[in-house]
Amino acid sequence: MTTIKLHNTRTRTKEDFVPIDPENVRMYVCGPTVYDRAHLGNARPVVVFDVLFRLLRHVYGPDHVTYARNFTDVDDKINATALSRKQAGAKGTLEQLVAERSDETIGWYLHDMGALGALEPNEMPRATQYIAQMITMIEDLIKKGHAYAVEGHVLFAVDTWKADYGKLSGRSVDDMIAGARVEVAPYKKNPMDFVLWKPSTDELPGWDSPWGRGRPGWHIECSAMSYELLGDSFDIHGGGNDLMFPHHENEIAQSCCAHPEGDFARVWLHNEMLQVEGKKMSKSLGNFFTVHDLLEKGVPGEVIRFVFLQTHYRKPMDWTEKKARDAEATLRKWRALTAGGEPAANAAPAVIDALADDMNTAGAITELHRLAADGDAAGLLASAQVLGLLSDELGAWAEVETADFSSYEERLASARAAAMVSKDFSEVDRLKSVFLAAGLEVRMSKDSVELVAGTDFDPAKLESI
């Protein structure tokens with residue numbers, strides 16, 4: 001059996017992955033807060049852990065892996081979005097509008113992530129479905145002396161876990177207090193104590209509890225859902241490295257205190273953040289966009305996925321238009337090579353070895369290039385599909401490549417030949433302008449002319465020629 005090695009954030013070393021139960025390998029990944037469409041950065045962990053999900057299924061069998069990824073559907077941002085709708089005249093109570101917004105956003109999310117070739121997890125719990133379990137866990141933490149209720153709030157007492165709090169992120173409690181931007185409320189015993197339960201108004205979503213009508217804090221949601229779905233000990237917990245503190249640190253504290261008989265998560269994996277053209281994605285910089293925005297512009301989901309996979313998950317990833325163009329060109333060549341063929345019985349061992357080495361997707365893609373260069377269409381198809389590429393479901397976008405541009409290429413070549421004699425390149429420039437406006441990439445060398453359809457190719461714009 002293939003040995004998978006993973007870099008464990010908790011130990012800061014790359015370790016052999018040994019599942020608690022090979023018959024049921026369990027992974028939990030923090031999912032989105034569903035108040036708006038997923039931006040490109042939100043998609044990176046989806047693709048990263050989709051690759052790991054596929055690898056685990058490949059090694060242990062599809063029926064022996066349980067992948068859970070949650071939806072946070074109770075949150076102040078969701079409430080604010082629903083309130084804006086109500087103020088704009090939307091019908092229904094605020095609670096109904098919150099539910100509608102959550103349902104709508106979850107639908108968007110699943111559609112957009114599916115367009116990237118991501119398999120749906122086995123379990124996709126919504127926080128609102130596990131409120132009773134959260135209340136039970138909070139009651140247990142109070143009973144064990146790890147939490148306290150005050151003024152309608154319940155807070156986790158960090159001092160009761162001080163010796164271990166901060167080990168995941170490598171921080172001490174004192175350092176965190178000195179540098180943290182935390183809510184300092186008069187009812188907190190320690191500035192680092194965090195909310196497990198908070199009051200809710202009659203209008204906002206809320207649930208009855210021993211501490212009054214309210215709603216859960218963010219961190220307790222994942223602890224309760226992972227425990228109910230995967231148990232007090234499971235194999236892998238993942239997410240972006242922006243969640244390491246405070247979210248994952250707080251999850252560990254409350255889960256280990258509530259269920260000291262378990263280990264919570266054995267292996268912690270964190271992906272690095274995403275940039276756009278070398279800069280942090282930001283609305284103020286004008287480089288902020290959602291996955292939906294790219295799909296609407298005609299960038300295929302498979303191209304987005306391929307760009308992501310070219311960078312190791314623990315390194316910052318830079319999205320550029322050039323990378324997208326190059327990815328599309330590569331995928332078109334591979335799809336042309338494998339068109340109508342059947343995949344080999346097994347993926348190339350070198351591809352699996354690369355993925356098993358802490359998900360070295362860049363190394364796996366290098367092997368895919370080698371298979372393509374060797375003309376091994378069956379091996380390329382089988383190996384690419386382990387990475388979620390070259391599947392039938394993602395292939396419709398490439399069909400435009402079947403368009404015949406030979407007559408246009410001949411016309412441009414003739415115009416260029418004439419211009420070389422007359423020194424009048426106006427017709428060459430006119431043709432190139434039309435082709436570019438139609439979404440064709442013009443590739444001209446000394447001996448050839450080639451037109452390649454881009455993602456925004458519009459054949460109707462060629463009618464002016």
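Nothing fancy with the numbering, it's 1 onward along the sequence.
For an aromatic pair to be called close, the ring centres must be under 6.0 Å apart, and His259 with Phe264 fails this. In this structure, His39 has its ring center closer than 6.0 angstrom to the ring center of Phe288. Taking the ring centroids of Trp197 and Phe156, they lie at or beyond the 6.0 Å cut-off.
Aromatic ring pairs are classed by plane angle as parallel below 30°, tilted from 30° to 60° and perpendicular above 60°; the pair Trp218 and His247 is parallel. The aromatic rings of Phe234 and His237 sit tilted, their planes meeting at an angle between 30° and 60°.
A donor and an acceptor atom, one from each side chain of His219 and Glu249, are nowhere located under 3.5 Å apart. Side-chain contact, Gln275 with Trp319: no donor N or O sits under 3.5 Å from an acceptor N or O. Side-chain N/O atoms of Thr66 and Asn122 include no donor and acceptor closer than 3.5 Å. A donor atom on one side chain and an acceptor atom on the other are not found under 3.5 Å apart for Tyr67 and Asp50. Side-chain contact check for Tyr35 and Asn79: no donor-acceptor pair (N or O, by modelled atom type) lies under 3.5 Å. Donor-acceptor pairing under 3.5 Å is lacking for the side chains of His270 and His7. For Asp103 and Thr105, the side-chain atoms include no donor-acceptor pair closer than 3.5 Å. Between the side chains of Thr33 and Asp75, not a single donor N or O lies within less than 3.5 Å of an accepting N or O. A donor-acceptor contact closer than 3.5 angstrom links the side chains of Glu272 and Asn241.
With sequence neighbours left out, the side-chain hydrogen bond (donor to acceptor under 3.5 Å, both in side chains) criterion links Ser223 to Gln254, Ser255. Partners of Phe71 by ring-ring contact (aromatic ring centres under 6.0 Å, His included), not counting sequence neighbours, listed by chain and number: Tyr109.
A donor-acceptor contact shorter than 3.5 Å is absent between the side chain of Ser383 and the backbone of Val351. Of the possible polar contacts, one joining the Thr160 side chain to the Ala157 backbone as a donor-acceptor pair under 3.5 Å is found. No donor-acceptor pair under 3.5 Å is formed between the side chain of Asp232 and the backbone N or O of Asp263. Side-chain atoms of Asp193 come within 3.5 Å of backbone atoms of Val158 as a donor-acceptor pair (strictly under, hydrogens ignored).
Cation-pi geometry between Arg57 and Phe53 is met: the NZ or CZ atom falls under 6.0 Å from the ring centre, inside 45° of the normal. For the pair Lys5 and Phe17, the NZ or CZ position fails the cation-pi test of under 6.0 Å to the six-membered ring centre and within 45 degrees of the ring normal.
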Indicate every side-chain donor-acceptor pair of residues 276-283 with a distance under 3.5 Å to a residue at least two apart or in another chain.
{"residue": "Glu277", "atom": "OE2", "partner": "Glu321", "partner atom": "N", "Å": "2.9"}
{"residue": "Ser282", "atom": "OG", "partner": "Ser284", "partner atom": "N", "Å": "3.2"}
{"residue": "Ser282", "atom": "OG", "partner": "Ser284", "partner atom": "OG", "Å": "2.7"}

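For the side-chain contact (heavy atoms from CB on, under 4.5 Å) criterion with Arg37, the lone passing option out of Val291, Thr290, Asp293 is Thr290.
The CE atom of Met225 sits 11.5 Å away from the CZ atom of Arg126 when rounded to the nearest 0.5 Å.
Pairing each heavy atom of Met113 with each of Ala38, the nearest pair is CE-CB, 3.9 Å.
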